[in-house]
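Working notes, beginning with the structure itself.
Start at 1 and go down the list; that is how both ligands and their atoms are numbered.
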Amino acid sequence: MPDSYLWWQKGVVYQIYPRSYQDSNGDGVGDLNGIRQRLDYLQALGVDAIWLSPIYPSPMADFGYDIADYVDIDPVFGTLAEFDALLADIHGRGMKLLLDFVPNHTSEEHAWFKESRQSRTNPKADWYIWKDPAADGGPPNNWLSSFGGSGWQYDDVRKQYYYHAFLKEQPDLNWRNPAVQDAMLDVMRFWLDRGVDGFRIDVIWHLIKDEDFRANPPNPDYDPNTGEQNKLLTTYTTDRPEVHQVIGRMRKLLDEYHERMMVGEIYLPVQKLVTYYGTGGDGVNLPFNFQLITLPWKASVIRNAVDSYEAALPDHGWPNWVLGNHDNHRLQTRIGAEQARVAAMLLLTLRGTPTLYYGDEIGMHDIEVPPELVQDPFEKKQPGKGLGRDPERSPMQWDASTNAGFSTARPWLPLPPDAVQVNVAAQDQNDDSMLTYYRHLLALRRQEPALAVGSYHDFGTPEQVFGYTRSYEGRRLLVLLNFSADTQPVEHGHLLHGQVLLSTLKPRIGIQANGDFTLQPHEGVVILLADR
Ligand code: GLC
């Protein structure tokens, strides 16, 4: 692999939701020692970096995204010593570790908030977003919580409201206050000094809110089925221009260290998303690109998205792609098992850093969660709308034993009935399994620098097919992806000569393309083009 690219440009990131990966102490919840036990698996899979969703002390109102102490580990996950041991093992294998940093809000249990809510004059009085009631005693303005309902919570002691973009248990920090910025940079420094390789930064586009507290405008396209949080646009609560200054400070800190990085969670249209790369050296290294999750799964749509994204990237901007995470329905549930293979090929052959979500590599799908087992606060606040995130957060399915080898105790979320068939052990030695296919894809990406860092060109293909070439130092690979359930002939005369290196359908590996190539239903192929 060429050395002029950084590890986070060449590498593949794998997201672990720690509650659900591996329980080592029999309490039904995953932990750090459990993850440590599974490093052989991750190394054999062929991923380069692990991103852990939050592991800090937390009342778990939002399962760790409500942090009560930024510089410790929640006992449910382990201890700082166990964290250090995990990090050392990851590094010992030549892998990297990204932590989830949640700067927009703390838990209401954080010492800073406990102090802040005590009076209007205490030293941390201005560390959160406090505001007097409106004339009628109600909330200061119409800002909403992303989980639904008002974003303002009245506090009886201060006789003021505080703003929370998410749960009322997650008060937003006041990032306009330089003391808050300094304290949070210290938190980053704490983990960087411990050796972490970077951060995934939670809701980074939310950090700064309008100074004048202007009312958010109504959403003209509001569809109640998507949840009441969408009634208004978030014009004055997200993507404020001053957020880039704050990001600049974080980047400056990261760049004091060797090859550290940050990837920002940002749900915005591409033209706005790319502004988070900054102007060169002052933005996030990667603003998460979620288009493969949010767009309809159609060849023409995806092709257009890839081409426009490539065109929109600034010169200093390295691309990235994501197929799944802990906030969205599982890939397999969204597009089905056959297209999930096509999608994996797309993710791992596009230009840019891919992020995988644990369990997708064995074809895990959303689980059904009966009402009495619901955990996610989003589902509890707006039940029955399909907004809940428990379905995609179920325990990793390791084998056919009790609780799928995840835990000796009843897991915090249920396992699906088909975990007996869909698991790592069952797929490990099976040539045709999803897991074997993923391993081949990841190995191919590692073997062929063209796939990781080569140039990208749209290949011009029929309506239902997305095709592109990736080239590096004279070696050209052609990727053809059939998004349909029909066979699709692709003709390209002298341009289409070569050999299939990998197919979503195993028996097709090795066949030749001689001027044309007919894709089977739901087939994706990587063809090594002949030099002619
Ligand atoms: C991010 C996280 C999500 C969490 C929210 C509030 O979107 O990915 O899981 O609920 O932030 O922290």
Residue pairs, two or more places apart or on separate chains, that pass side chain to side chain donor-acceptor pair (under 3.5 Å) and touch residues 378-390
Asp62-Arg389, Gln229-Gln382, Asp327-Arg389, Asp376-Arg389, Gln382-Lys385

For His206, is the nearest heavy atom under 4.0 Å from an atom of ligand 1?
no

Less than 4.0 Å is my threshold; does some heavy atom of Arg393 fall inside it relative to ligand 1?
yes

Mark up the atoms of ligand 1 that fall under 4.0 Å of a heavy atom belonging to [X], in ascending order.
| X | answer |
| --- | --- |
| Arg389 | 3 (C), 4 (C), 9 (O), 10 (O) |
| His105 | 6 (C), 12 (O) |
| Val203 | 1 (C), 7 (O), 11 (O) |
| Phe147 | 10 (O) |

Charged N to carboxylate O below 4.0 Å: is that the case for [X] and [Y]?
| X | Y | value |
| --- | --- | --- |
| Asp48 | Lys96 | no |
| Lys252 | Asp255 | no |
| Lys168 | Glu108 | no |

Within 45° of the six-membered ring axis of Phe213 and under 6.0 Å from that ring's centre, is NZ or CZ of Lys131 located there?
yes

Give me the residue, atom name and distance of the protein heavy atom closest to [atom].
| atom | answer |
| --- | --- |
| atom 8 (O) of ligand 1 | Asp327 OD2, 2.5 Å |
| atom 7 (O) of ligand 1 | Glu265 OE2, 2.9 Å |
| atom 4 (C) of ligand 1 | Asp62 OD2, 3.3 Å |
| atom 1 (C) of ligand 1 | Asp202 OD1, 2.7 Å |

Measure the acute angle between the ring planes of His206 and Phe166, then classify it against the limits of 30° and 60° as parallel, tilted or perpendicular.
tilted

Looking at Trp191 and Val71, would you say the former's side chain and the latter's main chain have a donor-acceptor pair under 3.5 Å?
no

